[in-house]
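Along the sequence shown, residues carry numbers from 1.
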Amino acid sequence: EDEVRALSPSVDVLRDPAALFARHDIDLVVISTPTASHAELAIGALSSGKHVVVDKPFATSAAEAEAICAAARAAGRLAVAYQNRRWDAEFLTLLQQLPSLGPLRHVTLRFDRWRPVPKPGWRTASGPG
């Protein structure tokens, strides 16, 4: 908390997600936490009337994803997965060139990150998500 305040004094630091969700000056919550917490946080934000953008993977199971979508429908809010790759140069170039390629039946686009030894951390740890 002190480190964040030292780096960015104008940033509000809240320890409780419910306190964030209760704020009336916030319309959208971006959830970029460990995957196992996505559903709980997204549903909490949606239930408080906030739109949500959820980092990938969206949820740890189809049931969790369906629960997030149901909460969004019930609240009349949007819940979307974060798709940052759509703004990368190679994807924008492809979009620009699509009209000149003619009708396409199937396109597969991939972005792979290969590491012989994964970095330790929550993204590479075994478990849900």
Side-chain angles (χ1 to χ4, degrees):
E1 220 174 286
D2 292 336
E3 186 178 344
V4 172
R5 285 196 174 105
L7 292 171
S8 300
S10 64
V11 172
D12 292 337
V13 178
L14 304 171
R15 290 183 172 271
D16 179 16
L20 173 71
F21 303 156
R23 289 181 53 164
H24 297 291
D25 60 331
I26 294 172
D27 297 318
L28 175 126
V29 175
V30 177
I31 299 172
S32 58
T33 58
T35 309
S37 65
H38 286 183
E40 178 183 353
L41 292 172
I43 291 168
L46 290 160
S47 298
S48 298
K50 310 301 184 216
H51 300 284
V52 296
V53 175
V54 183
D55 204 358
K56 296 179 291 179
F58 189 73
T60 60
S61 67
E64 279 190 356
E66 289 169 1
I68 294 169
C69 292
R73 281 191 300 277
R77 295 293 181 257
L78 297 175
V80 297
Y82 181 57
Q83 296 289 331
N84 61 314
R85 294 282 167 211
R86 73 177 73 179
W87 306 114
D88 287 357
E90 59 270 20
F91 288 94
L92 293 175
T93 300
L94 177 63
L95 286 175
Q96 186 180 44
Q97 297 302 315
L98 280 176
S100 66
L101 298 175
L104 301 175
R105 291 182 181 212
H106 180 83
V107 175
T108 300
L109 304 172
R110 294 177 55 135
F111 176 82
D112 293 324
R113 176 178 27 183
W114 181 80
R115 287 191 177 117
V117 178
K119 290 182 181 181
W122 64 266
R123 287 191 182 266
T124 56
S126 62

- Should we count CD of E3 as having more than 12 external heavy atoms under 6.0 Å? no

- Query: Is the shortest heavy-atom distance from the side chain of H38 to the side chain of T60 under 4.5 Å?
  - Reply: no

- Tell me whether L95 is reachable from F91 by hopping between hydrophobic residues (I, L, V, M, F, W, Y) whose side-chain heavy atoms are closer than 4.5 Å. yes

- Query: If you group Ile, Leu, Val, Met, Phe, Trp and Tyr by side-chain heavy-atom gaps below 4.5 Å, do L14 and F21 land in one group?
  - Reply: yes

- Item | Path from I26 to V13 over hydrophobic side-chain contacts below 4.5 Å | no

- What heavy-atom pair brings A71 and L46 nearest, and what distance separates the two atoms? CB-CD1, 4.0 Å

- Query: Taking all non-hydrogen atoms of both residues, which atom of A81 and which atom of K56 are closest, and how far apart?
  - Reply: CB-CG, 4.5 Å

- Query: When V52 is tested against each of I43, L78, I31 for side-chain contact (heavy atoms from CB on, under 4.5 Å), which residue passes?
  - Reply: I31

- Message: Checking V30 now: which residues fulfil side chain to side chain contact (heavy atoms under 4.5 Å, CB included) with it, not counting sequence neighbours?
- Response: L28, V53

- What one should report as the nearest heavy-atom pair of F58 and A79 is CZ-CB, 4.4 Å

- Of all the heavy-atom pairs spanning R23 and D12, show the shortest one and how long it is. NH1-OD2, 2.7 Å

- Query: What closest approach, in Å, do Y82 and D55 show between heavy atoms, and which atom pair accounts for it?
  - Reply: CD2-OD1, 3.8 Å

- Item | Pairs flagged by side-chain hydrogen bond (donor to acceptor under 3.5 Å, both in side chains) wherever residues 43-53 is involved - sequence neighbours left out | none

- Task: Taking D16 for its side chain and A18 for its backbone only, find out whether a donor-acceptor pair lies under 3.5 Å.
- Result: yes

- Shortest non-hydrogen pair, A59 vs I68, comes out as CB-CD1, 4.3 Å

